[in-house]
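For reference, the structure discussed in these notes is given below.
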2 protein chains.
Amino acid sequence: METLSSTLQAISDPTRRAIIDRLTRGPARVTDVAAPFAMSLAAVSKHVRVLEKAGLVRRTRQGREHTLALEAAPLREVASWAARYEQYWTERLDRLEAYFANRRPPR
Amino acid sequence: METLSSTLQAISDPTRRAIIDRLTRGPARVTDVAAPFAMSLAAVSKHVRVLEKAGLVRRTRQGREHTLALEAAPLREVASWAARYEQYWTERLDRLEAYFANRRPPR
DNA sequence: CAGATGTTTAACCGTGCGGTTGAATATTGT
DNA sequence: ACAATATTCAACCGCACGGTTAAACATCTG
């Protein structure tokens, strides 16, 4: 997929966000990644596949072990999409200010 | 709700992102918001409710008309969550550089 | 080879999603 | 009062999600 929708859908699950976070501490096997979670390995395996299909995780098979690595690039799109609305969450603090900011660009 | 998970789940749908975008051009009624979409009004009404429950849209009823306004605050959490991984998508461009950056903080 | 280890696959389950249609509920305007 | 307008509600549909368990597959090791 690799679309913004699939990226957002992938990271909307807390388990998958935790997996992403885990992979910032370096590559890890599926079993290692699964260890902290109170769910079956098969369930984590599914989560990993969702992340993989969304392009957020890269898998390299070496023997029976699958090593997972974070591929953070799609998160850049998420950040830049959210950043579009920065003025709306800052200016929302003062409603009138936001109104005039839209009438005439700020700064 | 108002959690990161519910925010992400809400914005993972392209129709709902389009609604958010529409509301940056100012408040609008449900019917106005629904106009561009090739789906029933009831479907859009559901989308609006998802956004409302996620705290992304504020509704003010005036007579039979419901006026919707963007409430962008939850998007700030999304942006800051994604920003955590900035180093991983920038440094990932040069794998070795990322490795040393983790061994010893960059800059 | 046999057994342990790492991982996925398959079938299933309950639940929620995104959509529909049709009816109900409010409110406005003539 | 009546009809039009704005919106939601309810029931339904197909499908995907997040989880389970049991089996299969692949690889390593004694």
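Per chain, numbering begins at 1; letters A, B, ... match sequence-line order.
OP1 or OP2 of C:dG18 has at least one side-chain nitrogen or oxygen of B:Arg16 nearer than 4.0 Å.
Residue B:His47 contributes atom NE2, which lies 16 Å from atom C1' of D:dT7 at whole-angstrom precision. Distance, B:Glu52 CD to D:dT8 P: 8 Å, rounded to whole Å. We find that CZ of B:Arg49 is positioned 15 Å from P of C:dG19, with the value rounded to whole Å. The NE2-P distance, from B:His66 to D:dT5, rounds to 17 Å in whole Å. Here D:dG18 presents its P atom at 17 Å from CG of A:Leu41, a figure rounded to the nearest Å. Rounded to whole Å, the distance from CD on B:Gln62 to P on D:dT7 is 10 Å. Counting to the nearest Å, the C1' atom of C:dG18 and the NZ atom of B:Lys46 are 7 Å from each other. Rounded to an integer number of Å, the gap from B:Glu65 CD to D:dT5 C1' is 9 Å.
With hydrogens and angles left out, the side-chain atoms of A:Ser5 and B:Arg17 include a donor and acceptor closer than 3.5 Å. Residues B:Thr67 and B:Gln62 have side chains that bring a donor and an acceptor to within less than 3.5 angstrom of each other.
Of the candidate nucleotides C:dT9, C:dC17, C:dG22, C:dC17 has the atom lying nearest to any side-chain atom of B:Gln9.
In this structure, A:Ser40 reaches the bases: a heavy-atom distance under 4.0 Å links it to at least one base atom across the strands shown. Note on B:Arg29: only backbone sugar-phosphate atoms sit closer than 4.0 angstrom, heavy atoms only; bases stay farther off.
Residues A:Val50 and A:Met39 fall into different hydrophobic clusters, defined by Ile, Leu, Val, Met, Phe, Trp and Tyr side chains chained together at heavy-atom separations under 4.5 Å.
Annotation: of the two residues near DNA chain D, A:Met39 and B:Thr31, the 5′-most nearest-nucleotide partner is B:Thr31. Across the interface with DNA chain C, nearest-nucleotide mapping of A:Ser45 and A:Arg64 shows A:Arg64 to be the residue nearer the 5′ end.
Using a 4.5 Å heavy-atom cutoff, the side chains of A:Glu77 and A:Thr7 are not in contact.
For the pair B:Tyr88 (side chain) and A:Thr24 (backbone), a donor-acceptor distance under 3.5 Å is present.
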